[in-house]
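In this text, all values refer to a predicted model and were calculated from it rather than measured experimentally. Counting convention: from 1, in listed order, for ligands and their atoms alike. In what follows, residues are counted from 1 in the order of the sequence shown. Note that these values count all heavy atoms, side chains included, but never hydrogens, waters or copies made by symmetry.
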Amino acid sequence: MTAIEVRGLHKSYGGRKAVDGISFDVGEGEIFGILGPNGAGKTTTVECVAGLRRPDEGRVRVFGHDPVRERAEVTRVLGVQLQESELQAKLTVGEALDLYASFYERPADRRELAGRLGLLPHLGTRFGKLSGGRKQRLLIALALIGGPRVVVLDELTTGLDPRARREAGSLVEDIRAGGVTVLLVTHFMEEAQRLCDRIAVIDGGRVAALDTPAGLIGRASAAKEISFAADTPLDPEALRALPGTVSVTVADGRTVVAGTDGTVNAFVSLLARRGVTARRLRVTDATLDDASLDLTGTALR
Ligand code: ATP
């Protein structure tokens, strides 16, 4: 079943297009990533999905409901954690959970949710005193308190240290394991590559590519990178002539050849033919970072 449907979405701010014809579907149970450079239109898109902004044009449905016209139905099935959300600094974790639970007819069990998110020991702690990681956990708990079928998480891990980021990542996996569909907006390639079933790369208000992480990586112009130091120098021209070679760079005695699987095979044959021994030889796969750079021309860091 389709959890989220977005068709031909347009949104401008004062005549300036922020979203310029975005379409995608998110299947029930998916972790769907939205990735893209700053200002690409990611937040505007998810705000339209959550009913927080009215699209200028296009169709948005959340489990068949229009987020603007059927706000109550959408609120029942969708939880949202927005970028840099803040709560009253004096509100305790327990009070925030109670307050948000009061918005719903059938809220989730607060103690069970707090336990699942490691917040039980902190129920009496004020929001302003929580660490960044615990603040994020509380915001996730508040997004989940209505027992949603789909949750929107925008820049969940921005500002967290690597450990808290990993923990937030495994929380996303737990949420999905609990049967909730996840729409995840992120800047972090590693996180997107590891967590998402499919990713829409957004650039300039449009979908530049939509695929699985492996599918996107496969679109990078150089799927493989060979790096080595040779006992006898190899002529860069011979390397450039290998099938599929995209670039050859030589620096500090190390040569780096970017190319395809075919380049790797031809490179090995070339070494054998020339009787050259490659030292510290490494062959690495392209990453989502490389693919995004190719797709958007911007490093997403
Ligand atoms: P970031 O990664 O920086 O959060 P984003 O991909 O989420 O960016 P949006 O926040 O959707 O992008 O912004 C898209 C464009 O719309 C940007 O140029 C932004 O400056 C502009 N914009 C966003 N919100 C508003 C607003 N309320 N009023 C005017 N312009 C806005």
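Here OH of Y100 is found 8.0 Å from CG of L139. Values are rounded to the nearest 0.5 Å. Atom CD1 of I22 sits about 10.0 Å away from atom NZ of K42, to the nearest 0.5 Å.
Using a 4.0 Å cut-off between a side-chain N of Lys or Arg and a carboxylate O of Asp or Glu, R194 and E190 do not qualify as a salt bridge. A salt bridge links R176 to D197: at least one charged side-chain nitrogen sits closer than 4.0 Å to a carboxylate oxygen.
Formation of a donor-acceptor pair under 3.5 Å by the Q81 side chain with backbone atoms of D154 is found in this model. Under the 3.5 Å distance criterion, the side-chain polar atoms of E30 are matched with a main-chain donor or acceptor of G27. In this structure, the side chain of D285 does not engage the main chain of K224 through any donor-acceptor pair within 3.5 Å.
With hydrogens left out, the protein atom closest to atom 12 (O) of ligand 1 is G41 N, 3.1 Å, a heavy atom. Atom 11 (O) of ligand 1 has as its closest protein heavy atom T44 OG1, 2.5 Å. For atom 4 (O) of ligand 1, the nearest protein heavy atom (residue, atom name, distance) is Q83 NE2, 3.4 Å. Ranking the protein heavy atoms by distance from atom 14 (C) of ligand 1 puts G39 O, 3.5 Å first. Closest to atom 10 (O) of ligand 1 among all protein heavy atoms lies T43 CB, 3.7 Å. Protein heavy atom at the shortest distance from atom 27 (N) of ligand 1 is R53 NH2, 3.6 Å. When only non-hydrogen protein atoms are considered, atom 31 (C) of ligand 1 lies nearest to Y13 CD1, 3.2 Å.
For ligand 1 and P37, the ligand atoms under 4.0 Å from any heavy atom of the residue are 6 (O). Within ligand 1, counting atoms from 1 as listed, the ones closer than 4.0 Å to a heavy atom of A40 are 5 (P), 6 (O), 12 (O).
With respect to D25, the salt bridge (Lys or Arg N to Asp or Glu O under 4.0 Å) criterion is satisfied by exactly one of R61, R7, R59: R7.
Close N/O approach between A18 and ligand 1 is not found [any backbone or side-chain N/O within under 3.5 Å].
Nearest residue to atom 6 (O) of ligand 1 from R16, K42, K17, K11 is K42 (criterion: closest heavy atom).
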